[in-house]
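What you see below is based on every heavy atom in this structure, not just the backbone, and it leaves out hydrogens, waters and symmetry mates.
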Number of protein chains: 2
Amino acid sequence: MTVTIREVAQKLNISITTVSRALDGYDDVSDETRRLVVDTAQQMGYVPNRAARQLRRQRADTIGYILPTETPRFSNPFFAEFVAGLGDEAAANNYDLLVSTAPPKSAAEQEIYARWVHGRKVDGMVLNRLRQRDWRVQYLAQNVFPLVTLQRSLDPLEYPSVEVDGRRWFRALVEHLYSLGRRRIAYVGAAADLVIQTERFQGYQDGLAALGLALDAALVVEGDLTPEGGYRAAQALLNRPVPPDAVACVDDITAMGVLHAAHEMGCVVGKNLAVTGFDGVIGFEHTHPPLTTVNQPVYQIARQMAQMLLAQIAGRPLEPRQVQIEPVLELNASTLGAQK
Amino acid sequence: MTVTIREVAQKLNISITTVSRALDGYDDVSDETRRLVVDTAQQMGYVPNRAARQLRRQRADTIGYILPTETPRFSNPFFAEFVAGLGDEAAANNYDLLVSTAPPKSAAEQEIYARWVHGRKVDGMVLNRLRQRDWRVQYLAQNVFPLVTLQRSLDPLEYPSVEVDGRRWFRALVEHLYSLGRRRIAYVGAAADLVIQTERFQGYQDGLAALGLALDAALVVEGDLTPEGGYRAAQALLNRPVPPDAVACVDDITAMGVLHAAHEMGCVVGKNLAVTGFDGVIGFEHTHPPLTTVNQPVYQIARQMAQMLLAQIAGRPLEPRQVQIEPVLELNASTLGAQK
DNA sequence: CTTATACTCCAAAACGTTTTGGAAGTCAAT
DNA sequence: ATTGACTTCCAAAACGTTTTGGAGTATAAG
């Protein structure tokens, strides 16, 4: 069915070695032969069999990524953009992207790692949604397997990563809220062992401390990075005897739910309640009111990560092994009110 | 580094044939040997090399999907959920999911198809965002390559698909709007050659016709399936001499932008303007006001598609080659108003 | 004329599986 | 004792590449 290197060679009456080398650009084949080979291969529709190549070369030309599907019905624009970035950068380097899904820390997740890493199905792994202690990082480091992460775990290991300073920027949000006169600033977070949670929560605390505000446990609620989580958290907060005058959310998705609950309970967001998000995920400018958030270039981040991973796989030296990405603070009506 | 079948065989002093057959569950190996082999393999951490297996078996145990990244910064929750569904179903059958990204109809897209299909990198392809005439469908059908699609192109070819009746359900939305007293119902669509556009637009026209409303070209605007597209479209519509009293959008993402523009221009959505979406993408219940839409079980759809594709690859007969999925109409405040 | 130096080419050996086509042994029936 | 039917195993051949280690020709240098 499909045409092999052998058929190309046969047609030209030369060895498969020469065909292979001609196509791969070695310089021990004459220009004339090369042209001939390239043309014939093209015209016969020859495409190297990936399995054979991979078996021989001992690499897959593929990088892997596992979607952290906490819930069965998982859907989050952050990941669509993230995967698109990985895919584009991979494709630009003639690599493929292998994707699977598994709940974090599950047996299923471990099995995929075993299959992919030991079965050499991929040459490197991309990780995000890091945990403070992350078995994936430990596992890969132990197997000396290329990886790159978004944010860093606390594991004392050496590996490349891309980072956004969640602590600093979350603090900036808190300071922004303070500057608008907000004094009872609530926090809606996520699972405690997630790195983004600890960082951003730390930033929240930093902000309060710097501004001389006390940390009020009644104003800190755990969400789950879904709109529903944010919705429930906001309901709880707004029913407090003394409700908050601002809610800082761990991410934009959570903030969506908070906005919803706030409207439902009659708050005028931007006026008697300020709300902030984090991530800069699609459509944050189109919520009502438009959301104040920290906008990360997710697509760029993903490309950067893929690029670092590929460099590592190719054995190229990776100059800065930890890259800082600067997000931008987007101030919108959800905190500023209807003034513009 | 990694342990091969040969090492397992050596350790047990048996042939690699037997190890292979024991692990694959053939019945020409004694129970005792099988137990021994399985245990040792497990304990030595043996994982079959995928490339070798694929080369020998002439299949990849992998299905492919290409994200239709129209814009460089692409992010759409629909696709996160879709990919999660594909990934889960694939994983459940010991298959992997290969993902890439390419602008529809681009040279890059064609190249990926060539690589994957001819290089036998995948055993089948999943397609969505179909066009009325879709080169991908034609190409795959021509190469007798397994595929499954969401919605169908007009190409007169026989291939399995999953469908949601966009025409019927969009009409239902229009009828719903009419029942609430809306008479100037606008439509914000997408590129004309997209199947979802033609179907849903047809449903829009069906609805108007059935209700005795005339099609007013001034109320039909083309968007691009992004919030920005919806935002611009709504601005144009609301600035018309006689603005619409309802806007039916081709999808939820577009509707987000429409909501934004409406608020900005002082409309009270649900009261003097009704808005509807389509898809049931994350957070539609959490927009302000919550969006009336047609909610499709995207995750289920994706799993169903993957399942049909895998059956086809395995050569299992596919009973219904065209599966209808029933979405549900979600009536919310964006049309009903604040009554609840 | 011999020796060195490029320049082109190629046969054969891998890579790690699965599958084919038996071989060897055991047991029961003739 | 031979035959036939099972059961359990295995050697060797694939699968389609890339890479190794030369071999063969010219051309230039000694």
Side-chain angles (χ1 to χ4, degrees), chain A residues 1-38 40-41 44-62 94 115-123, chain B residues 1-38 40-41 44-62 94 96 115-123 314:
Chain A
M1 190 72 261
T2 41
V3 33
T4 79
I5 200 176
R6 207 164 307 249
E7 301 171 45
V8 178
Q10 211 145 36
K11 181 153 194 175
L12 292 173
N13 260 326
I14 58 176
S15 76
I16 60 169
T17 306
T18 304
V19 175
S20 174
R21 313 212 87 193
L23 293 174
D24 273 12
Y26 282 73
D27 61 357
D28 65 349
V29 28
S30 73
D31 286 347
E32 191 189 6
T33 315
R34 158 159 305 120
R35 239 192 320 277
L36 210 57
V37 168
V38 171
T40 328
M44 292 177 72
Y46 168 71
V47 177
N49 179 299
R50 305 281 291 209
R53 164 177 290 181
Q54 170 177 350
L55 179 57
R56 175 62 229 219
R57 285 207 184 141
Q58 295 291 70
R59 57 197 170 84
D61 289 348
T62 303
N94 254 299
R115 278 224 318 260
W116 286 7
V117 173
H118 274 112
R120 293 242 164 271
K121 180 102 193 187
V122 302
D123 301 321
Chain B
M1 191 71 265
T2 41
V3 31
T4 79
I5 200 176
R6 207 163 309 250
E7 301 172 45
V8 177
Q10 212 146 36
K11 181 152 192 174
L12 292 173
N13 260 326
I14 57 176
S15 76
I16 61 171
T17 306
T18 304
V19 174
S20 174
R21 312 212 86 189
L23 292 174
D24 274 12
Y26 283 74
D27 62 356
D28 66 350
V29 28
S30 71
D31 287 347
E32 191 188 8
T33 316
R34 158 159 305 120
R35 237 191 323 274
L36 210 57
V37 169
V38 171
T40 329
M44 291 177 74
Y46 168 71
V47 177
N49 179 301
R50 306 280 292 208
R53 164 176 291 182
Q54 171 178 349
L55 179 57
R56 176 60 229 222
R57 282 207 186 144
Q58 293 292 73
R59 55 195 172 86
D61 290 348
T62 302
N94 254 298
D96 285 316
R115 277 225 319 262
W116 286 8
V117 173
H118 274 111
R120 293 241 165 269
K121 181 101 192 185
V122 302
D123 302 320

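Using a 4.5 Å cut-off on side-chain heavy atoms (C-beta onward), B/Val37 and B/Leu12 make contact.
Side-chain N/O atoms of B/Thr18 include one lying less than 4.0 angstrom from OP1 or OP2 on D/dC10. Taking side-chain N and O atoms only, A/Gln58 has a distance below 4.0 Å to OP1 or OP2 of C/dG16. Taking 4.0 angstrom as the limit, B/Ser20 places a side-chain polar atom (N or O) nearer than this to OP1 or OP2 of C/dT18.
For the pair B/Thr17 and A/Ala52, both in contact range of DNA chain C, the more 5′-proximal nearest nucleotide belongs to A/Ala52. Heavy-atom nearest nucleotides on DNA chain D were determined for B/Arg21 and for B/Arg57, and the one closer to the 5' end corresponds to B/Arg21. Nearest-nucleotide positions on DNA chain C for B/Tyr46 and A/Ser15 put A/Ser15 closer to the 5' end.
To the nearest angstrom, P of D/dT8 lies 20 Å from CG of B/Asn13. With rounding to whole Å, B/Arg50 atom CZ is found 15 Å from C/dT18 atom C1'. Between B/Asn49 atom CG and D/dC15 atom C1' there is a gap of 13 Å when expressed in whole angstrom units. Separating the CG atom of B/Asp24 from the C1' atom of C/dG16 is a distance of 13 Å, rounded to the nearest angstrom. Whole-Å rounding puts the A/Arg6 CZ to D/dT18 P distance at 12 Å. Distance, B/Arg56 CZ to C/dT18 C1': 5 Å, rounded to whole Å. Atom CD1 in A/Ile16 sits roughly 10 Å away from atom C1' in C/dA12 (whole-Å rounding). For the pair A/Gln54 CD and C/dA14 C1', the interatomic distance rounds to 16 Å; values are reported in whole Å.
Evaluated for a side chain to side chain donor-acceptor pair (under 3.5 Å) with A/Lys121, the options B/Asp61, B/Asn49, B/Thr62 yield exactly one hit, B/Thr62.
Against DNA chain C, the stretch residues 26-36 of chain B makes heavy-atom approaches under 4.0 Å through B/Tyr26.
Residue A/Arg53 places no side-chain atom within donor-acceptor reach of the base of D/dT17, judged by atom type and a 3.5 Å distance cut-off alone.
In this structure, A/Asp24 pairs ionically with A/Arg57, as a charged nitrogen and a carboxylate oxygen lie closer than 4.0 Å.
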